[in-house]
2 protein chains.
Amino acid sequence: MRDKNLRQAGLKVTLPRTNILKILEKAEPRHLTAEDVYQALLEQGEDVGVATVYRVLTQFETAGLVKRHYFEPGQAVFELDQGEHHDHLVCLNCGGVEEFFDETIERCQTEIAKKNNFQMTDHNLTIYGLCQRCV
Amino acid sequence: MRDKNLRQAGLKVTLPRTNILKILEKAEPRHLTAEDVYQALLEQGEDVGVATVYRVLTQFETAGLVKRHYFEPGQAVFELDQGEHHDHLVCLNCGGVEEFFDETIERCQTEIAKKNNFQMTDHNLTIYGLCQRCV
DNA sequence: GTCCGTGCAAAGGATTTGCATAATC
DNA sequence: GATTATGCAAATCCTTTGCACGGAC
C-alpha cells in the first residue's frame, strides 16, 4: 500500500522511493531534514546519494505526499502529509517540534485572505519559543 | 535621529550602517533581500561589499532594528522593525508582501502556547497565495 | 592612537544539475 | 527494450569568515 501511494502519485515504484517513504512514516519526531533522511538510509545499509534524497523529497512534495517547512534558516524539514492541516510549535533550544490545530485561527485566516482579496493556497503558523523541557 | 537609533543600539555610526538604515526606511515595498539592499547601495554609488550588507543586517536584527523573514526558500527578506507586530500575506506569483494584524489570532496564539507549556518568544504567521493582481 | 568596521576574496553549507549507468514496467 | 530513476561529482546559490587596511571616537 506504500507502493499504491507512490503509483497514485504518478511515480514509479523504486527502492529509494519506497525506503524514503518508509522512513518518513516511521519517523519520530515526524520532522526530518534531508540530511536526517539520508543518514537513516545509510544506517539501514542503503546505497544512496544525497541528490536522490532531495529529488525524491521534492517529488513527494509535488505529489502532495510530503510537506516542506522552513522553520529555521539553513535547512528545510520534511514531514509526511497526512491530509489534516496543522501548525507548529518550534523549540529554539532543542529544535523539537510539536503540532497543534486551532479552529478559530483557521477561520480568521480565511477571513483575512478574503478581506485582502487574496486567493490563499497555503498558510503557515509557527510559534517559536522554549518547550517545557528547555525552559 | 537615524544616528541616534544606531547609537542606542550600541553601534558605531558608520557610512554603510547609515546608508542601509536609510534604504530600509525608504523601501517600498518594505521587504528587501540582502541582494536588494546591496543593489540599492551600488545604485547610489556606494562602494560596499556584500559581506558588509549581511553583517550590518545581522547586527540590526540583533539590535532589534530589523526583522528577518524566511518566506521562501533560498533567501531571507528584511524589513524595518517599527515595533508593532504584524503578519504577512505573500504572493507566490509576484513575490509581493502585504501586512496584517489580527487581534483574535494573537490571542489564540498566546493561549495555545500556554496550553502546551511553551514559553513563546516569537511567532510567525504567513498566508501564501495569489494577490489581487496575480489571480 | 586604539579599536572596531569594512572590502575583498575565499570558504561554507544546503540544494541542484549533468551525465553515464542501472533499474522499472 | 524503452524510458525513467539513480549515483556520483561538480556546480550553484545564499551567506559567512579571515585578514589586512581604513575610518570612527
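Chain letters run A, B, ... following the sequence lines, proteins first and then strands; every chain starts at 1.
For the salt bridge (charged side-chain N to carboxylate O under 4.0 Å, His left out) test, no residue two or more places apart in sequence or in another chain qualifies with A:Glu35. In this structure A:Thr33 satisfies the side-chain hydrogen bond (donor to acceptor under 3.5 Å, both in side chains) test together with A:Asp36, sequence neighbours excluded. Residues meeting the side chain to side chain contact (heavy atoms under 4.5 Å, CB included) test with A:Glu103, sequence neighbours left out: A:Phe101, A:Arg107. Shown here are the side chain to side chain contact (heavy atoms under 4.5 Å, CB included) partners of A:Ala9, two or more places apart in sequence or in another chain: A:Leu11, A:Ala63, A:Leu65.
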Exercise for the section: Give the intermediate values and the outcome of side-chain contact (heavy atoms from CB on, under 4.5 Å) for residues B:Leu57 and B:Tyr38. Expected result: CA-CA 11 Å; B:Leu57 287 172; B:Tyr38 178 59; over 6 Å; no
Problem - CA sep, side-chain torsions, deciding dist, call: B:Val90, A:Phe118, side-chain contact (heavy atoms from CB on, under 4.5 Å) - result: CA-CA 9 Å; B:Val90 176; A:Phe118 221 81; 5.6 Å; no
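The phosphate of D:dT15 (OP1 or OP2) has a side-chain N or O of B:Tyr54 nearer than 4.0 angstrom.
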Side-chain atoms of residues 110-117 of chain B: list all donor-acceptor pairs with protein atoms under 3.5 Å, sequence neighbours left out, distances to 0.1 Å.
residue: B:Thr110; atom: OG1; partner: B:Glu106; partner atom: O; Å: 3.0
residue: B:Asn116; atom: ND2; partner: B:Ile112; partner atom: O; Å: 2.8

Residues 126-135 of chain B, side-chain donor-acceptor partners within the protein, below 3.5 Å, at least two apart:
residue: B:Thr126; atom: OG1; partner: B:Asn124; partner atom: OD1; Å: 3.0
residue: B:Tyr128; atom: OH; partner: B:Phe71; partner atom: O; Å: 2.7

For a quick test of your reading: what N or O donor-acceptor pairs under 3.5 Å do the side chains of residues 72-83 of chain A make, sequence neighbours left out?
residue: A:Glu79; atom: OE1; partner: A:Arg30; partner atom: NH2; Å: 2.5
residue: A:Glu79; atom: OE1; partner: A:His31; partner atom: NE2; Å: 3.3
residue: A:Glu79; atom: OE1; partner: A:His86; partner atom: NE2; Å: 3.2
residue: A:Glu79; atom: OE2; partner: A:His69; partner atom: NE2; Å: 2.7
residue: A:Glu79; atom: OE2; partner: A:His86; partner atom: NE2; Å: 3.2
residue: A:Glu79; atom: OE2; partner: A:His88; partner atom: NE2; Å: 3.2
residue: A:Asp81; atom: OD1; partner: A:Gly83; partner atom: N; Å: 3.0

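When heavy atoms are screened at a 4.0 angstrom cut-off, B:Pro73 is found touching no nucleic acid atom at all.
Side-chain heavy atoms closer than 4.5 Å link hydrophobic residues (I, L, V, M, F, W, Y) into clusters, and following such links, possibly through other members, connects A:Met120 to B:Phe100. One hydrophobic cluster, built from ILVMFWY side chains closer than 4.5 Å, holds both A:Leu24 and A:Tyr54.
Applying the salt bridge (Lys or Arg N to Asp or Glu O under 4.0 Å) definition to pairs two or more places apart or across chains, those involving residues 51-66 of chain A are A:Glu61-A:Arg68.
Following rounding to the nearest Å, A:Glu72 (CD) and D:dT15 (P) show an atom-to-atom distance of 16 Å. Straight-line distance from the CD1 atom of A:Ile20 to the P atom of D:dT6: 8 Å, rounded to whole Å. Separating the CG atom of B:Leu32 from the P atom of D:dT15 is a distance of 13 Å, rounded to the nearest angstrom. The separation between A:Phe60 atom CZ and D:dA5 atom C1' is 12 Å, rounded to whole Å. One interatomic measurement links the two molecules: CG of B:Leu57 to C1' of D:dT15, which rounds to 11 Å at whole-angstrom precision.
Residues A:Gln59 and A:Val56 meet the side-chain proximity criterion, which asks for heavy atoms closer than 4.5 Å.
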Distances for protein N or O near nucleotides 17-25 of chain D N or O, under 3.5 Å:
residue: D:dG18; atom: O6; partner: B:Arg55; partner atom: NH1; Å: 3.4

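Residues from residues 40-47 of chain A that place a heavy atom under 4.0 Å from any atom of DNA chain D, listed by number: A:Asp47.
The span of DNA chain C lying next to chain A, judged by atoms under 4.0 Å from heavy atoms, is bounded 5' to 3' by C:dA14 to C:dC25.
Across its full length, the helix from C:dG1-D:dC25 to C:dC25-D:dG1 shows an angle of 30° between the axes of its 5 terminal pairs at either end, rounded to 10 degrees.
Checking A:Tyr38 against A:Arg17, the closest nucleotide of DNA chain D that is more toward the 5' end is the one next to A:Arg17.
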